[in-house]
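Below is one structure; the comments refer to it alone.
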Amino acid sequence: PSMSPNADLLVRHAVLITMDDERRIITDGAIAVVDGAIVAIGGDAEISENWAATTVIDAGGAPVHPGLVEAHLHCSYQLFRGALPDQLREEDAFREFEGHFYRAVDDDDEHASAVLAALEMIRHGTTAFLEPGTVLEVESAASAAELVGIRAVLADSFIWDDPEGLAMGKNEHPERNTSMIPRAASDRESVRSRLGRILVRNAKPDSLVTGHVAVLGLGTASTELMLEAKRVATAAGVVLNFHQSYSPGDTARDRARLGAHPIAALRDLGIVDSATTMAHVNHLSDPEFSALVESGASVAWAPAASMMWGHGSTVDGRHAELSRAGGMVALGSDSPNWSNSLDLFRQASLAVLTAREAHRDRTYLTAEDGLAMATRGGARAAGLDDRVGSLEVGKRADLVVHSLRRPELLPLTDPVRNLVYSAGSSTVDTVIIDGRVVLHNGVFPHLDEERLLRQASERSIALLRRMDYSVGPNDLGRWA
């Protein structure tokens, strides 16, 4: 009708999983988008009567939900996914592989890696990610995110002043230690010159790529540096993000430095509060558990990353318990050799199912809990909860449209259960980020995806050659 206000985009005939405070699901719903923001949401008849649009996407009765938010992702490691054999010990991976990687990688490698990560995330229904400050040239990741059209919250490179902490307290072969990264100097002056540099990206409120403050953590930062980083983050109104209590080694190191209960000590210092995000947190004492619940700090749980290396977070960890106690839990895929797949639906499914297994209780976490961690939880952890994480008027239009043309989503009895337990990301069809259609019917309309994938593969071969690293099969000695 000529009287209708004009929207840029209408998504119609959707099963809208809003993830709003009431957790409304609108069975035949529609969304109107103007200038990248959601301006109307409701029943299809009402919305289509009141709004006309230049672009209309018909979901055909399929689920539509907020874009998933990846709360812990190292986006520059894609070029060596699967390169580490199963018999490799983790401390050797940190020392002997990653150290060499950081000596050999260049800006174009980091760009190609971040492009590959962004393409994969979007295909899995992820529309935003939080990167923990491990890209040497952060502009490489920023330009990659802008090219592909994904929302990215990036951080200055390697904010640390004690790199030896990366050894996780296991320094059996100091002569092989490569944790010192020449391009990430850890002297106070170098670190201070990097800290907060990326925050200029926050000047424009609707920027797709923004900055936050990340400290590497894992025992690599002094209390003084963490306090300074928190001051910078607070002044800028962004989250402070760091790895915490990942393995027994770094947890013990923090106990020696901070006292028996590291997270409680960090809370008392003002470093842990509602604008703090900690990745992993696999080891948690009772006082730390209370500190997390009371402070409202976010934890980015990476179940597959723990499982990949056998850390026991899904068996002994308290993430599910934390979520049930009102703690803020998000999900992370970590990296291409820690959980290998950047599929947040997989993390959500693992989170829910491992919690039930560990607690011997089918009701311990539900499918809705998993989806909430992947949407609202991630948005909060990334400091984006005022912009994304739910489908509501005023929020940015980051949404995922699934397809009913795949058997694993059918029959559409309960959309949330079928997504979390069955279809996951395999039915992702169309992805909209900031109101822009970045993936349409399984194709990136603005990109030559094949060329980008080929470039990444070529760069991987060249990088591993420069590192003098040859990828081999697993040692199958026990099968002999």
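Excluded from the calculations below are hydrogen atoms, water molecules and symmetry mates; all remaining heavy atoms, backbone and side chain alike, are included. All of these numbers come straight from a predicted model, not from anything done at the bench. We number each residue from 1, following the sequence as shown.
Checked against side-chain hydrogen bond (donor to acceptor under 3.5 Å, both in side chains), Glu46 has no partners two or more places apart in sequence or in another chain. Listed by chain and number, the residues in a ring pair (Phe, Tyr, Trp, His ring centres under 6.0 Å) with His212 amount to none (sequence neighbours excluded). Asp429 meets the salt bridge (charged side-chain N to carboxylate O under 4.0 Å, His left out) test with Arg405; sequence neighbours excluded. Considering only residues two or more places apart in sequence or on other chains, Arg346 meets the salt bridge (charged side-chain N to carboxylate O under 4.0 Å, His left out) condition with none of them. Residues meeting the ring pair (Phe, Tyr, Trp, His ring centres under 6.0 Å) test with His319, sequence neighbours left out: Trp301. Residues meeting the ring pair (Phe, Tyr, Trp, His ring centres under 6.0 Å) test with His446, sequence neighbours left out: none.
Each of Asp20, Asp21, Asp385 was compared with Arg376 under the salt bridge (Lys or Arg N to Asp or Glu O under 4.0 Å) criterion, and only Asp21 meets it.
With hydrogens and angles disregarded, no donor-acceptor distance shorter than 3.5 Å links the side chain of Ser113 to the backbone of Asp109. The closest donor-acceptor contact from the side chain of Asp250 to the backbone of Ser247 lies under 3.5 Å. A donor-acceptor pair is defined here as one N or O able to donate and one able to accept, closer than 3.5 Å; such a pair exists between the side chain of Arg356 and the backbone of Arg362. No donor-acceptor pair closer than 3.5 Å links the side chain of Ser306 to the backbone N or O of Ala302. Within the 3.5 Å criterion, the main-chain N or O of Asp286 finds a donor-acceptor partner in the side chain of Ser290. The backbone N or O of Ser333 lies less than 3.5 Å from a partner atom in the side chain of Glu70, making a donor-acceptor pair. Panel note: side chain Ser295, backbone Ala291; a donor-acceptor pair is recorded below 3.5 Å. When atom types are taken as modelled, the side chain of Arg396 and the backbone of Ile433 share no donor-acceptor pair closer than 3.5 angstrom. Of the possible donor and acceptor atoms, none in the side chain of Tyr77 sits under 3.5 Å from a partner among the backbone N and O of Asp334. For Asp107 (side chain) and Glu137 (main-chain N/O), no donor-acceptor pair under 3.5 Å exists by modelled atom type.
A centroid separation of less than 6.0 Å is found between the aromatic rings of Trp338 and Phe94. For Tyr469 and Phe80, the ring centers are positioned 6.0 Å apart or more. In summary, the aromatic rings of His311 and Tyr246 are positioned with their centroids under 6.0 Å apart. Ring centroids of His72 and His243 are separated by less than 6.0 Å, placing the two rings close together.
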Exercise. For Arg151 and Asp398, what are the C-alpha separation, side-chain angles and deciding distance, and is it a salt bridge (Lys or Arg N to Asp or Glu O under 4.0 Å)?
Worked result: CA-CA 9 Å; Arg151 198 178 291 282; Asp398 288 17; 2.8 Å; yes
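In this structure, Arg318 forms a cation-pi arrangement with Phe289, its terminal cationic atom sitting closer than 6.0 Å to the ring centre and no more than 45° off the ring axis.
Remark: the Ser425 side chain and the Asp343 side chain contain an N/O donor-acceptor pair separated by less than 3.5 Å. If you check the side chains of Glu288 and His283, you find no donor sitting under 3.5 Å from an acceptor.
With contacts defined as side-chain heavy-atom distances shorter than 4.5 Å, the pair Ser426/Arg406 qualifies.
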